[in-house]
There are 2 protein chains.
Amino acid sequence: MVAPVANRTTDLHDVASTRLRARDQRYTRGRRAIIDLLARANAPLSIPQLLERDRSLAQSSTYRNLAVLEGAGVVHRIVSSDEFSRYELAEDLTEHHHHLICSSCGDVRDFTVPSALEGELDRALGRVAGDHGFAADHHRLDLVGTCATCA
Amino acid sequence: MVAPVANRTTDLHDVASTRLRARDQRYTRGRRAIIDLLARANAPLSIPQLLERDRSLAQSSTYRNLAVLEGAGVVHRIVSSDEFSRYELAEDLTEHHHHLICSSCGDVRDFTVPSALEGELDRALGRVAGDHGFAADHHRLDLVGTCATCA
DNA sequence: TTGTGACTGAGAATCGCTCTCGCTAGCTTG
DNA sequence: CAAGCTAGCGAGAGCGATTCTCAGTCACAA
Ligand SMILES: [Mn+2]
Ligand SMILES: [Mn+2]
Ligand SMILES: [Zn+2]
Ligand SMILES: [Zn+2]
């Protein structure tokens with residue numbers, strides 16, 4: 001329910017840069033390239049997909065930079081049963097949403113549910129967390145199945 | 001919303017045995033031991049946890065048997081960002097539920113939400129799936145945060 | 001220009017998980 | 001019961017995504 005911190009791409013880079021600097025880290029070319037790719041894509045990307053889209057990226061650096069960006073709260077890592085993890089911009093840089101996960105090809109697509117339902121969900125989950133002495137950070141709602149391509 | 005196929009432990013083993021036989025596979029001692037451990041536990045277990053609880057289990061066989069049991073639809077594998085996957089009985093052998101996932105220690109606990117909410121969720125997700133030409137198999141709702149133990 | 005500390009990338013290392021293979025065990029048929 | 005067939009077993013080798021190492025770079029400030 002919070003407005004995205006960055007709407008324009010320029011803002012996005014500013015936010016990324018600021019969050020990194022706060023941790024004594026630099027917003028280098030490789031890191032900016034990753035953010036650009038993730039912002040341009042309309043779905044979470046795996047490392048191979050990132051390397052394919054920008055051949056100048058080194059694999060080891062990309063792994064390292066994604067970890068750094070995740071630590072700085074700029075990027076979010078999605079671990080599924082697929083062979084590769086996927087990465088997307090952190091939610092406060094985009095908007096709260098959920099994922100359609102294809103268990104055949106591993107592809108992930110975004111979707112949202114009505115905010116009324118989202119609200120009910122949050123209330124119910126808040127109650128559950130309280131009952132268990134659990135400090136909730138965020139919820140995750142995925143729909144698992146077969147995508148249109150894998151028919 | 002479907003009643004569990006097996007309520008008693010005996011039934012559980014019968015179901016497991018039947019589902020394996022349907023695939024020309026046998027319900028051996030090691031496989032039965034795994035099912036027993038999962039039925040007794042009130043949370044999904046990782047392979048190390050299984051091996052610790054039953055020292056007679058061999059690691060490689062346990063990995064193989066869990067894969068077989070998953071293929072037969074008796075066991076469900078949960079992949080998280082924790083180092084180990086965790087396993088629980090398939091939902092039609094227990095009941096539909098969701099997970100509290102501790103991002104600190106990796107522990108997983110079950111919870112349920114009111115069936116009214118679950119129904120709304122299913123309706124909304126059905127609509128989403130239709131819009132995307134996605135053949136939904138099941139949904140997954142997790143609450144990620146820090147458990148009481150990790151405070 | 002120099003010093004400090006972060007970054008880079010090729011390759012080595014890690015480690016959960018899967019595969020291999022010689023042997024055992026369960027079931028079926030005669 | 002014996003023989004044949006197939007599934008299962010487990011120790012260890014292998015696999016592969018991810019992480020780590022380390023010798024050079026680069027950014028930035030003094
Ligand atoms: Mn997404
Ligand atoms: Mn569970
Ligand atoms: Zn697909
Ligand atoms: Zn914990």
Side-chain angles (χ1 to χ4, degrees), chain A residues 13 16-37 44-52 54-72 74-87 103 105-108, chain B residues 13 16-37 44-52 54-72 74-87 103 105-108:
Chain A
H13 290 303
S17 177
T18 301
R19 292 194 183 169
L20 284 173
R21 279 197 203 116
R23 301 169 63 109
D24 287 307
Q25 291 170 321
R26 298 168 189 167
Y27 195 46
T28 60
R29 192 208 133 264
R31 294 174 186 181
R32 177 183 298 265
I34 290 172
I35 295 299
D36 265 330
L37 288 174
L45 300 178
S46 64
I47 269 91
Q49 289 175 322
L50 288 169
L51 300 182
E52 181 186 15
D54 185 339
R55 299 306 176 81
S56 74
L57 293 175
Q59 185 187 59
S60 64
S61 300
T62 301
Y63 269 108
R64 173 165 19 77
N65 285 333
L66 281 167
V68 167
L69 290 168
E70 188 186 25
V74 181
V75 154
H76 174 65
R77 176 179 181 176
I78 303 167
V79 180
S80 70
S81 45
D82 187 44
E83 52 187 333
F84 297 103
S85 288
R86 287 163 192 261
Y87 298 84
S103 44
C105 68
D107 240 38
V108 179
Chain B
H13 290 303
S17 177
T18 301
R19 292 194 184 170
L20 284 173
R21 278 197 203 116
R23 302 170 62 110
D24 287 308
Q25 293 171 319
R26 298 167 189 167
Y27 196 46
T28 61
R29 191 207 132 266
R31 293 174 186 180
R32 177 182 300 264
I34 290 171
I35 295 299
D36 265 329
L37 288 174
L45 301 178
S46 64
I47 268 91
Q49 289 175 322
L50 289 168
L51 300 182
E52 181 187 16
D54 185 339
R55 299 307 176 81
S56 74
L57 293 176
Q59 186 187 58
S60 63
S61 299
T62 301
Y63 269 109
R64 174 164 19 77
N65 284 333
L66 281 167
V68 167
L69 289 167
E70 188 186 26
V74 181
V75 153
H76 175 64
R77 175 179 182 176
I78 302 168
V79 180
S80 69
S81 46
D82 186 45
E83 52 186 336
F84 297 104
S85 289
R86 287 164 191 260
Y87 297 85
S103 44
C105 69
D107 239 39
V108 178

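Excluded from the calculations below are hydrogen atoms, water molecules and symmetry mates; all remaining heavy atoms, backbone and side chain alike, are included.
Pairing each heavy atom of A/Asp54 with each of A/Arg29, the nearest pair is OD2-NH2, 3.7 Å. Shortest non-hydrogen contact noted between B/Pro44 and B/Ile78 is CG-CD1, 3.6 Å. In this structure, B/Val75 and B/Ile35 approach most closely via the heavy-atom pair CG2-CD1, 4.0 Å. The two residues B/Ser80 and A/Val79 come nearest to each other via the heavy atoms O-CG1, 3.5 Å. For the residue pair B/Asn65 and B/Gly30, the shortest heavy atom distance occurs at ND2-C, 4.5 Å. When all heavy atoms of B/Leu37 and B/Leu45 are compared, the pair lying nearest together is O-CD1, 4.0 Å.
A 4.5 Å side-chain heavy-atom check between B/Arg86 and B/Asp107 finds at least one atom pair inside the cut-off.
Every residue two or more places apart in sequence or in another chain was checked for a side chain to side chain donor-acceptor pair (under 3.5 Å) with B/Arg32, and none qualifies. Applying the side chain to side chain donor-acceptor pair (under 3.5 Å) rule to A/Ser17 yields the partners A/Arg21; only residues at least two apart in sequence or on another chain are considered. Applying the salt bridge (charged side-chain N to carboxylate O under 4.0 Å, His left out) rule to A/Arg31 yields no partners; only residues at least two apart in sequence or on another chain are considered.
Straight-line distance from the OH atom of A/Tyr87 to the C1' atom of D/dT18: 8 Å, rounded to whole Å. Atom CG of B/Leu66 is separated from atom P of D/dG8 by 14 Å (rounded to the nearest Å). The interatomic distance linking A/Asp82 (CG) with D/dT18 (C1') rounds to 14 Å, in whole Å. Rounded to an integer number of Å, the gap from A/Leu51 CG to D/dT18 P is 11 Å.
Residues B/Arg77 and A/Arg31 both approach DNA chain C. Their nearest nucleotides, taken by heavy-atom distance, put A/Arg31 toward the 5′ side.
A nucleotide of DNA chain C counts as in contact with chain B when one of its atoms lies under 4.0 Å from a heavy atom; the first and last such, 5' to 3', are C/dG16 to C/dG26.
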What protein N or O atoms touch nucleotides 10-13 of chain D N or O atoms at under 3.5 angstrom, if any, and at what distances?
from	atom 1	to	atom 2	distance (Å)
D/dG10	OP2	B/Ser61	OG	2.7
D/dG10	N7	B/Arg64	NH2	2.5
D/dA11	N7	B/Ser60	OG	3.0
D/dA11	N6	B/Ser60	OG	3.3

Distances for protein N/O vs nucleotides 24-30 of chain D N/O pairs under 3.5 angstrom?
none

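Note that CD1 of B/Ile34 is 6.5 Å distant from CG of B/Leu50, once rounded to the nearest 0.5 Å.
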